[in-house]
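Excluded from the calculations below are hydrogen atoms, water molecules and symmetry mates; all remaining heavy atoms, backbone and side chain alike, are included. Since the model is a prediction, treat every value here as computed from it, not as a measurement.
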Amino acid sequence: MNDFQQPSDSSLPSARWSKMSTLLVIDDEPNIVFSIKETLSSPQVAVISAATAREGIEMVRQRRPDAAILDVRLPDQSGLDAYDKIRQIDPRLPVIIMTAFAKTDTAIEAMCRGAYEYLVKPVDFRRLKEVVTKALELSRLSRVPAVVATEDPADLSADRIVGHSPAMQEVYKKIGRIAPQESTVLILGESGTGKELVARAIYHYSSRNQMPFLAMNCAALPETILESELFGHERGAFTGAEQRRIGKFEQVNGGTIFLDEIGDMSPATQAKALRLLQEQQFERIGGNTTVKTDVRIIAATNRDLSKDVAEGRFRQDLLYRLNGFTIQLPPLRDRPEDIPALTEHFVKFFNRELGKNVRTIAPAVMDLLVRHRWPGNVREFQSAIRYAMVHATGDVLIPECLPDTIFPKLHTSARIPVDVPPNSSDANASLGAGEPLYPFVKLIEYVKKLLAEGKPDIYRHMIHEVDRHMFQEVMKHFHGNQLQAAERLGISRMTLRSKLRSLGLIQDRSHHNSNPS
């Protein structure tokens with residue numbers, strides 16, 4: 001039984017590496033428009049403009065920009081009226097309001113209705129660039145679907161959750177069951193396991209997928225700033241609060257908010273979050289007016305919240321509210337059978353992003369990837385594959401491309417994995433099928449022998465011995481065919497010949513032809 005249905009919107013844009021972002025500027029001041037285009041245009045961002053509200057609204061309808069900058073005062077109608085019409089066309093579009101009047105109620109009213117941010121003229125272009133960058137990322141999170149990998153891995157139009165292991169099948173089932181509901185969801189898992197991707201999948205398969213999606217990292221902001229960002233504040237609520245600020249819970253009314261690292265939220269903010277979950281209402285900081293909203297909360301943490309409750313760091317009643325539906329993400333080390341599919345996915349991803357043409361992964365590379373413990377989980381795995389792709393020079397991914405931080409380089413042409421799975425019964429453990437990859441016990445005995453004999457330069461002896469046995473066996477298997485041996489080893493033919501000479505397995509032709517004919 002398939003618990004999933006694709007989102008109804010068939011016009012979802014393709015992923016970030018194949019689509020330039022479009023920023024729409026609606027302003028009748030040519031100098032402002034020119035400055036914005038000069039500042040923000042780039043190979044990744046195209047800036048288009050409109051001088052009237054009517055023209056801007058039509059461009060939203062026809063061009064579907066990824067973000068918009070809207071002036072409050074336009075020649076044909078107010079920015080607030082224009083914003084309402086834009087929101088009817090595309091409620092997920094992040095709109096940045098610009099005004100020449102710092103105290104205008106119009107901009108604040110637009111924020112109450114869901115505008116992304118407002119800025120005061122004259123424009124601080126450093127601040128504008130920062131806000132636009134965040135708005136474009138928010139737009140990508142809302143529009144690019146996060147979906148379970150289909151049978152067609154060549155389709156790279158979405159951010160995919162990859163894996164067919166039993167543990168991941170359980171995750172998929174849970175996403176399918178909870179996505180159509182309105183329940184709060186708590187996602188648990190180590191750092192790097194893909195909690196935000198699962199949250200976005202829940203959002204994209206939900207009935208709210210045409211409304212905004214916002215991700216907030218509770219550990220990334222100081223307590224006072226986080227509370228203000230989420231709930232807003234009134235003018236004079238604290239030093240520096242010169243104007244009322246509308247919080248994200250108010251802005252994203254009707255949408256979904258993902259609270260990452262919720263275990264790092266302060267007690268005061270926890271109390272407000274609890275009330276929001278219970279009653280869908282709150283007060284801004286420094287205010288006494290109750291604000292009602294309608295948001296779905298998806299939370300995530302890598303912490304043990306039950307332990308935090310016992311130690312007084314997290315509210316038990318908030319945990320009860322969050323625990324309505326829980327999804328536990330497995331660490332990558334517990335699903336090694338998914339590593340080949342992940343490797344294929346990221347190789348295709350980075351082929352497109354980096355302009356590479358890697359088509360084959362050397363068996364030695366796959367052995368190393370499967371054996372590694374991946375403490376940073378999928379995030380670390382993705383970084384390692386990107387590093388390898390950057391260093392790849394041909395169409396085969398070879399061990400020499402892998403980062404030394406993960407697989408220490410013992411020799412220019414050979415790497416031996418240094419980590420044995422901790423659940424192995426002995427040092428000669430195999431990958432689970434077939435012959436052991438390396439005879440660890442014999443290697444250890446050889447090291448002991450060299451130590452007992454007082455041999456100097458043990459490292460050189462070890463590398464020489466390992467290389468000699470390995471290259472002899474490979475050449476024997478391929479009946480001396482260097483091309484086939486080099487391909488199977490995942491090294492160049494030139495490197496192979498150099499190694500064979502240094503090991504005394506072949507001789508230079510000059511040795512045979514030392515006497516002139």
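Applying the salt bridge (charged side-chain N to carboxylate O under 4.0 Å, His left out) rule to pairs touching residues 47-59 yields E58-R61, sequence neighbours excluded. Within the structure, the salt bridge (charged side-chain N to carboxylate O under 4.0 Å, His left out) test picks out the following pairs touching residues 374-386 (sequence neighbours left out): E353-R386. Screening residues 29-48 for salt bridge (charged side-chain N to carboxylate O under 4.0 Å, His left out) gives E29-K121 as the qualifying pairs, with residues at least two apart or on separate chains. Screening residues 244-279 for ring pair (Phe, Tyr, Trp, His ring centres under 6.0 Å) gives F231-F249 as the qualifying pairs, with residues at least two apart or on separate chains.
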Distance-only donor-acceptor pairs under 3.5 Å for side chains of residues 195-202, two or more places apart:
unit_1: K195; atom_1: NZ; unit_2: G189; atom_2: O; d: 3.2
unit_1: K195; atom_1: NZ; unit_2: E190; atom_2: O; d: 3.0
unit_1: R200; atom_1: NH1; unit_2: D159; atom_2: OD2; d: 3.0
unit_1: R200; atom_1: NH2; unit_2: V144; atom_2: O; d: 2.8
unit_1: R200; atom_1: NH2; unit_2: D159; atom_2: OD2; d: 3.0

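Applying the salt bridge (charged side-chain N to carboxylate O under 4.0 Å, His left out) test to D294 and every residue at least two apart in sequence or in another chain returns R208. Legend: residues meeting salt bridge (charged side-chain N to carboxylate O under 4.0 Å, His left out) with K134, ordered by chain and number and at least two apart, are E130. In this structure, the salt bridge (charged side-chain N to carboxylate O under 4.0 Å, His left out) partners of R284, at least two apart in sequence or on a different chain, are E234, E250. Take D334 and apply the side chain to side chain donor-acceptor pair (under 3.5 Å) test, not counting sequence neighbours, and it matches no residue. Under the ring pair (Phe, Tyr, Trp, His ring centres under 6.0 Å) criterion, F381 pairs with W374, sequence neighbours left out. Qualifying side chain to side chain contact (heavy atoms under 4.5 Å, CB included) partners for V131, counting only residues two or more places apart in sequence or in other chains: I96, Y116, E117, L119, R127. Among residues two or more places apart in sequence or in another chain, the salt bridge (charged side-chain N to carboxylate O under 4.0 Å, His left out) test is passed with D260 by none.
Between atom CD1 of residue I361 and atom CZ of residue R359 there is a gap of 13.0 Å, rounded to the nearest 0.5 Å.
T326 and N323 form a side-chain donor-acceptor contact under 3.5 Å, judged by distance and modelled atom types alone.
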